[in-house]
Structures are given as C-alpha cells and as structure tokens.
Number of protein chains: 2
Amino acid sequence: MAQKIAKTNISPDPAACVSDATLRGLVGYNIRRASTVIQGDLAATLKALDLRMITFTALVFIVDNPGLQQSHLADAMSIERPNLVVILDELERRDLITRDRVITDRRAYALRATLAGRRLYDEALKAVHSHEAALLGNLNDTERSQISDAMRLIASLRTKADKT
Amino acid sequence: MAQKIAKTNISPDPAACVSDATLRGLVGYNIRRASTVIQGDLAATLKALDLRMITFTALVFIVDNPGLQQSHLADAMSIERPNLVVILDELERRDLITRDRVITDRRAYALRATLAGRRLYDEALKAVHSHEAALLGNLNDTERSQISDAMRLIASLRTKADKT
DNA sequence: TATTGTTATACTCTATAACTATA
DNA sequence: TATAGTTATAGAGTATAACAATA
C-alpha cells in the first residue's frame, strides 16, 4: 500500500507530463482549443432543447431574417446548399419553420419561423447566454467584448484560404 | 446596360444583407468563426508540406516529447486511440517517426522523430509562424499574447461538457 | 443559359466495440 | 484482471456532380 502510494506520487498522470509548449506559441492552436471547449459545452446546453449547433444557427438566422432564401442562408452559414436541405427538413418536420414559395421567383423558398420556432429561439438563446455567463464567469463584460472584437477581426481576415 | 447597373446597385449581394447580429453577441460564435478562418488558412500552409493539421500536431508532440507513448499522445491530442493509429501509420510510412518497443513494457511503443521528421518539423513551424505573422499582421505582439492568454484561459474551463 | 432546391454519393473526422499481446 | 495498440465499423460533418423546375 505504501509502495503503491509512492509509485503514484512518482507518476501521477503521465499524460499531464506531455509538453505542448511549442504549439501553445501558435495563436491558431490556442484559438482552436478554446473553440473546442466552448463548442462542446454549447452542444451539451443545446442538446437539452434537442438542437445541434448547426440547427440552432439556422434557426437564429431564420428568425432574425424572415423570408430568407435557402441559398442565402447557406452562404451566411458557410455551408453547401445540399447540406442545408437536411437541416431545414428537420426544422420543418418539427414545425419550427416553414418553406413558402416566393411569388416573384418560383424556384426559391422563403424561410420563416413558426410561433413554436420563435419560442424555441427565445428559450435556446436564453440557455446559451446563461451558459456563456457561467463558463466565462471569470471574465467581466469588458474582457468578453475585447475577446469578441478580436475574434471578429480575425474572422474578417483572409489570405491563402480565400477562394473568391 | 444602364438598367442592369441600376438593378445591381439595389441588391449588390443578397447574402451580405443577412444579419448575424444575434449570433455575434455570443462569444462562442465569434471564436468559432475565427477558428475556422485560421484553421483553413493553416491547412493551406501545411498542404504545401503534405501535412494536415492533425499530422502536424502529432509530429510536433513527438519531436517535443521523445519516447512518448501512443496512449499519452492520444490523451494530449484529445483524440481516441484508434484514430491516432492511422495518423502514426502515415508518419511512420513517410519515415518521419519510429515506433520502438518499450523494453520495460512490451505492450507500448515509444514514439520518436527521425532526422527527416525533425527537419519537416523545423520547416513546418517556420511556415506556420510566417503564416500567422502574415495573417495577424495588424496585431502587435502584446495583442497576440493577450489573445493567446484569453484563449488558454477559456480552454482550461470546464462545466457541462466535463466528462471526467 | 443560369439559378434554386434537391438527390445521391464520397470523403474526412470522430466514436465505440472487440480483438491480440502483454502486464 | 487490466492496459497498449490494433482492427473494423458506424456515425457525424462536409464537398461535388447531376437532375428537375424555373428564370
């Protein structure tokens, strides 16, 4: 027993000894790790409302931009049109949104949230905001704004990956 | 022609009119967008060296932690052991790393970078650092440090998604 | 001829169960 | 019995080609 404790003290957690010092010197590595933690936590929050990150995002865009077309939503979400179809199928099946033919262009659908959709939107946003408040409790409003500003600045940058 | 220009001026880019004001109020949304931009750009940088983000990350860990075992590397990279196998297979096939039996525990492999692996490590890190310098050119060292510090703080937080 | 939404499909990334060889 | 590495496989998420309806 004493021997076991001694052995444990020598190597309590080998994984913790793995150095990521080089990677921590990269801004991209640190942002990605933070993003992973927040997304994981956010996913757990939304799961209680039977929403995934991507269905939540689509719902928010539709509530905020009533009459939006699928192709424009796909652009805004930076996803391909075919992948949006199944997401909207799910939201429509749950009666959270409607797809109405556009009279001036019968190829397109105008997306609108139903009352149930707007209610879920309110509920989800409230949950996500409290979640962020809890997770980022150590940061004050100024610090949180600074982080968001810096992230928006970086998100607006483009170099090699720019395709357009 | 004049009519066409007029029409264009009315609606130059419908997608740009889609408001994401609500989502921009969420720190997680802003971090994820920044992360996507940086990862995309980083991927393009590493592609020139025939590396993906995940193979690059594994290589850096192995060079920095010689003798590392696969299970500890998987923990450090937050990926499952089976998924690491194919990554190491690729690095080993390209003679960038070796898998040596551990004499004290013949179940485990000690991972080490070859000379070629260390050379690619140097080359890749140089490329990634210049890439970040170019992408984040508008930010000075202090601002970049502040961002990294904030991201590391967030990455260290755990609430709902904490499984352990 | 070009565009909107759709289907089918493929490719990557990730997660789990079960096996082997060692401990 | 438990652990390290492996295999097979299933599930997300994402990307492309091709089609019907419409412009």
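Every chain is numbered from 1 and lettered A, B, ... according to where its sequence line falls, protein lines coming before strand lines. Computed from a predicted structure; not experimentally measured.
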*Asks:* D/dG5 C1' sits how many Å from B/Asp100 CG, rounded?
*Replies:* 15 Å

*Asks:* Nearest whole angstrom, please: distance from the P of C/dT7 to the CD1 of A/Ile87.
*Replies:* 14 Å

*Asks:* Output yes when at least one side-chain N/O atom of A/Ser71 is less than 4.0 Å from OP1 or OP2 of C/dT3, else no.
*Replies:* no

*Asks:* Just how far, in rounded Å, is C1' of C/dT6 from CG of A/Leu88?
*Replies:* 12 Å

*Asks:* Could you check whether the side chain of A/Arg107 and the base of C/dT3 have a donor-acceptor pair of N or O atoms closer than 3.5 Å, going by distance alone?
*Replies:* yes

*Asks:* Show your reasoning for whether side-chain contact (heavy atoms from CB on, under 4.5 Å) applies to B/Leu111 and B/Thr98.
*Replies:* CA-CA 6 Å; B/Leu111 303 172; B/Thr98 58; over 6 Å; no

*Asks:* Starting at CD of B/Glu80 and ending at P of D/dT7, how long is that distance when rounded to a whole Å?
*Replies:* 17 Å

*Asks:* Just how far, in rounded Å, is C1' of C/dT12 from CD of B/Gln39?
*Replies:* 15 Å

*Asks:* Touch check for B/Gln70, heavy atoms < 4.0 angstrom, all strands: base, sugar-phosphate only, or nothing?
*Replies:* sugar-phosphate

*Asks:* Looking at B/Glu123 and B/Arg119, is any side-chain nitrogen of the basic one under 4.0 Å from a carboxylate oxygen of the acidic one?
*Replies:* no

*Asks:* Tell me if a side-chain donor or acceptor on B/Arg99 pairs with a main-chain N or O of B/Tyr109 at a distance below 3.5 Å.
*Replies:* no

*Asks:* Under 4.0 Å between a side-chain N/O of B/Arg99 and OP1 or OP2 of D/dA4, yes or no?
*Replies:* no

*Asks:* Looking at the side chain of A/Asp105, which of C/dA15, D/dA23, C/dG5 is the nearest nucleotide?
*Replies:* D/dA23

*Asks:* Take the protein atom CE of B/Met53 and the nucleotide atom P of C/dT12, then report the distance between them rounded to whole Å.
*Replies:* 17 Å

*Asks:* Atom CG of B/Asp89 to atom P of D/dT6: distance rounded to whole Å?
*Replies:* 6 Å

*Asks:* Looking at C/dT4, D/dG5, D/dA8, which one has an atom nearest to any side-chain atom of B/Pro82?
*Replies:* D/dA8

*Asks:* Using a heavy-atom cut-off of under 4.0 Å over every strand shown, decide if B/Ile54 touches base, sugar-phosphate, or nothing.
*Replies:* sugar-phosphate

*Asks:* Base, sugar-phosphate or nothing for A/Asn83? Non-hydrogen atoms, less than 4.0 Å.
*Replies:* base

*Asks:* Where do A/Asn30 and B/Ser148 land on the side chain to side chain donor-acceptor pair (under 3.5 Å) test, with the steps shown first?
*Replies:* CA-CA 6 Å; A/Asn30 295 307; B/Ser148 282; 3.2 Å; yes

*Asks:* Separation of A/Arg52 atom CZ from D/dT14 atom C1', in whole Å?
*Replies:* 13 Å

*Asks:* Considering only side-chain heavy atoms of A/Tyr109, which listed nucleotide, D/dA15, C/dG5, D/dT6, is closest?
*Replies:* C/dG5

*Asks:* For A/Leu68 and for B/Ile79, locate the closest nucleotide of DNA chain C by heavy-atom distance; then report the residue assigned to the nucleotide nearer the 5' terminus.
*Replies:* A/Leu68

*Asks:* Identify, between A/Arg81 and A/Arg106, the residue whose nearest nucleotide on DNA chain D lies closer to the 5' end.
*Replies:* A/Arg81

*Asks:* Look only at the side chain of B/Thr114 and the backbone of B/Leu96, and say whether a donor-acceptor pair between them is shorter than 3.5 Å.
*Replies:* yes

